[in-house]
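The next block holds one structure in the form of structure tokens; read it before the comments.
Note on naming: letters A, B, ... go to the chains in the order of the sequence lines (proteins, then strands), and numbering restarts at 1 for each one.
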Amino acid sequence: MHKADIVEILESIAVLLELKGENPFKIRAYQTGARALETMEEELGEVIEAGKLASVKGIGSALVEKIETLHATGELEYYKKLRASVAPGLIEMLEIPGLGGKKVKKLHDELGVESIEALKSACESGEVAGLKGFGAKSAEKILTGIENRAAYAQRHLWWDAQEVAAPILEGLRALSGVERAEAAGSLRRLRETVGDLDFIVASGEPAPIMDWFTSQAGVQEVTAKGTTKSSVRFESGLQADLRVVPAAQFAFALHHFTGSKEHNVAMRQRALSRGYSLSEWGLAAKDTEGAEPGSEGIETEKALFEFFGLAEIPPELREGLGEIDAAEAGKLPRLVDADALRGVFHNHTTASDGRASIEEMAAAAEALGFDYIGLADHSKASFQANGLDDARVLEQLERIRAFNEAGESAVHVFAGIECDILPDGRLDLEDSTLAQLDYAVMSVHSSFGLSEADMTARVIRAIEHPATTMLGHPTGRLLLRREGYRIDLQKVIDAAIANRVIIEINAHPRRLDMDWRLWRRAAERGLMCAINPDAHATEGLAYYRAGVNIARKGWLEPEQILNCRDCAGVQRWFSERK
DNA sequence: GCCGTTTTCGGCCCGACTGTTTTCAGTCG
């Protein structure tokens with residue numbers, strides 16, 4: 001069984017134990033173990049082989065045994081029995097806001113509720129309101145939760161969340177009495193999807209700020225309103241939390257609510273080892289038990305990190321994946337800035353399924369300050385996208401050459417193609433056609449159901465083709481919609497490095513593929529990256545910023561990104577590949 | 001269930017907010 005599936009089972013065990021009313025620390029141990037396994041960089045099989053699983057922090061003897069059994073057999077008796085002992089409807093009930101393990105257990109034990117439907121009727125009949133610890137409001141809240149379950153559970157693309165957050169942040173900053181305001185959470189960490197929005201404000205007068213926040217346009221429900229914290233829910237189901245703190249606590253609150261949880265745990269451990277207890281409220285020296293936490297004069301996150309002997313860690317690196325060690329050793333990456341990109345590759349025009357012409361795309365690229373743009377329309381196997389056959393590819397090539405030769409644009413257009421990788425790994429165009437282009441992006445758009453071995457072999461065959469410059473969206477995933485196809489990305493990365501083929505970060509907000517979690521290690525081993533907005537209209541070029549976010553989360557430096565080279569540098573890369 | 005340079009037992013982050021209470025439990029982050 002693969003590591004990811006084992007991680008999922010450990011998480012599932014934690015949920016089931018919660019519903020059984022188990023010791024909360026045992027539950028957390030499973031969650032911690034799942035996380036430790038997930039972030040382990042070495043190959044699971046090798047770690048087990050070497051007998052080193054027990055030395056991973058957070059994995060003790062009980063988990064070692066379970067993980068090894070799952071890895072070897074794919075089955076676990078303990079998990080089977082546990083799952084059989086809990087009605088599946090109870091797990092779903094946890095998705096309802098306000099219901100946790102204990103309340104679900106109580107509803108089950110005392111009312112026999114085993115499904116969402118049964119819960120609904122129990123609320124309507126008044127049974128729930130009569131239960132000790134519940135009341136009329138609880139029953140009503142549960143009914144609303146059931147009603148809006150799908151919308152509430154939904155995560156949101158970073159790009160969409162950011163568009164909601166920007167005006168709120170602007171509004172907060174414009175309020176009198178607001179000294180500082182920032183968005184925190186996964187939005188600030190530039191995660192590919194966002195569960196809810198978090199805002200942190202510094203002010204000595206919270207009441208009017210809370211009033212403004214809870215009465216904004218679009219607020220459908222106020223789920224909490226206090227002097228330090230308020231929460232609202234928008235019509236889209238997106239929830240936003242606001243915390244107002246005194247200025248002296250701002251840096252601590254911002255750091256705490258930016259997370260991630262794993263990063264915070266590591267920071268608190270570091271604080272403890274240096275004699276301090278760190279929280280969102282500030283710092284308390286350990287020997288002053290019970291004293292109010294102080295700020296030690298720390299006004300910024302930078303100062304907070306420096307207090308603990310660390311370089312400032314950018315929010316997008318705070319995932320508990322070695323950033324604290326790197327910050328201590330002065331080895332944080334020099335992250336790429338959006339301004340460093342000189343152009344983008346992999347964009348479409350009206351020749352296939354785009355909505356803008358060569359001229360319009362070039363003008364839009366110029367408006368963004370780019371020196372060049374690559375145009376890569378679909379090939380003929382992508383029939384639904386009006387893909388180009390060899391003759392049409394050559395016509396488009398002529399048009400691009402003519403555009404460049406006319407010399408009327410400050411932007412150079414590279415002539416490329418997004419060529420389909422056929423199910424057997426052959427390419428969709430003649431070698432003689434591909435050889436005439438400046439570059440070629442190879443992508444899978446069909447036969448997603450191949451086995452992992454077949455899909456891996458298919459893509460590697462394409463990578464080994466001499467005409468291949470880049471691999472497009474290597475898993476084909478669509479965030480919040482569709483899982484990627486099964487493929488062994490480590491083998492694909494190995495092949496790309498060996499053949500000097502680039503892998504793209506497809507910057508479309510719904511793709512962000514290849515995933516940021518894989519980039520740090522791949523780039524260290526020599527993989528080159530290209531950030532590609534996959535624009536199908538001029539507005540789509542702006543997505544390159546989402547791609548830069550992913551490059552930053554992946555610890556990439558400018559030298560590892562083709563887009564950071566000037567026009568001549570890109571030309572050199574393309575010609576050396578041939 | 002995990003962990004340990006005070007510990008192999010007894011801790012494990014903790015505070016805000018809500019809804020239920022009449023001093024607090026549960027949820028959430």
Worksheet item: Any idea how A:Y78 and A:Y30 line up, ring-wise: parallel (<30°), tilted (30 to 60°), or perpendicular (>60°)?
Response: parallel
Distance between [atom1] atoms of [N] and [M] (Å, rounded):
N	M	atom1	result
B:dT18	B:dC12	P	27 Å
B:dA25	B:dT20	P	16 Å
B:dC3	B:dC13	C1'	16 Å
B:dC2	B:dT7	C1'	14 Å
B:dC17	B:dT23	C1'	16 Å
B:dT21	B:dG26	C1'	13 Å

Base, sugar-phosphate alone, or nothing: which one does [X] contact when heavy atoms must sit under 4.0 Å apart?
X	answer
A:A136	sugar-phosphate
A:T227	sugar-phosphate
A:V245	nothing
A:I27	nothing
A:K66	sugar-phosphate

Worksheet item: A:T228 has a side chain; which of B:dT20, B:dA16, B:dC12 sits nearest to it?
Response: B:dA16
Worksheet, complete the sentence: A:K26 has its side chain closest, among B:dG1, B:dG19, B:dC17, to B:dG1
Fill in: Syn/anti label of B:dT5 as read from its glycosidic torsion, with the cut at 90° from 0
anti
Hey, are [X] and [Y] close enough for a salt bridge, meaning a charged N less than 4.0 Å from a carboxylate O?
X	Y	answer
A:R173	A:E170	no
A:K132	A:E110	no
A:K225	A:D211	yes
A:E328	A:R270	yes

Atom pair distance, as rounded to whole Å: [atom1] in [X] and [atom2] in [N]:
X	N	atom1	atom2	answer
A:N264	B:dC14	CG	P	14 Å
A:R268	B:dC13	CZ	P	7 Å
A:W281	B:dG15	CH2	P	9 Å
A:Y30	B:dC2	OH	P	7 Å
A:E22	B:dC2	CD	C1'	14 Å
A:K57	B:dG1	NZ	C1'	14 Å
A:R270	B:dC13	CZ	P	19 Å
A:K225	B:dG19	NZ	C1'	18 Å

Fill in: Opposite nucleotide pairing with B:dT8, Watson-Crick or G-U, both atom distances under 3.5 Å
none
Fill in: Nucleic acid footprint by protein, nucleotides 21-29 of chain B - heavy-atom cut-off 4.0 Å, B for base, S for sugar-phosphate alone
-----SSSS
Item to complete: Would you tell me whether A:T193 and A:R155 have side-chain atoms, one donor and one acceptor, within less than 3.5 Å of each other?
Response: yes
Item to complete: Look at the side-chain N and O atoms of A:S138 and state whether any lies under 4.0 Å from the OP1 or OP2 oxygen of B:dT20.
Response: yes
Worksheet item: Does OP1 or OP2 of B:dG1 have a side-chain N or O of A:S61 closer than 4.0 Å?
Response: no
Discussion item. For A:K553, run the salt bridge (charged side-chain N to carboxylate O under 4.0 Å, His left out) check against A:E323, A:E319, A:E192 and tell me which one passes.
Written reply: A:E319
Item to complete: Check A:V104, A:L107, A:L119, A:I116 against A:L90 for a side-chain contact (heavy atoms from CB on, under 4.5 Å) and give me the one that passes.
Response: A:V104
Item to complete: Measure the shortest side-chain to side-chain distance between A:W158 and A:L187 over non-hydrogen atoms and say whether it is less than 4.5 angstrom.
Response: yes
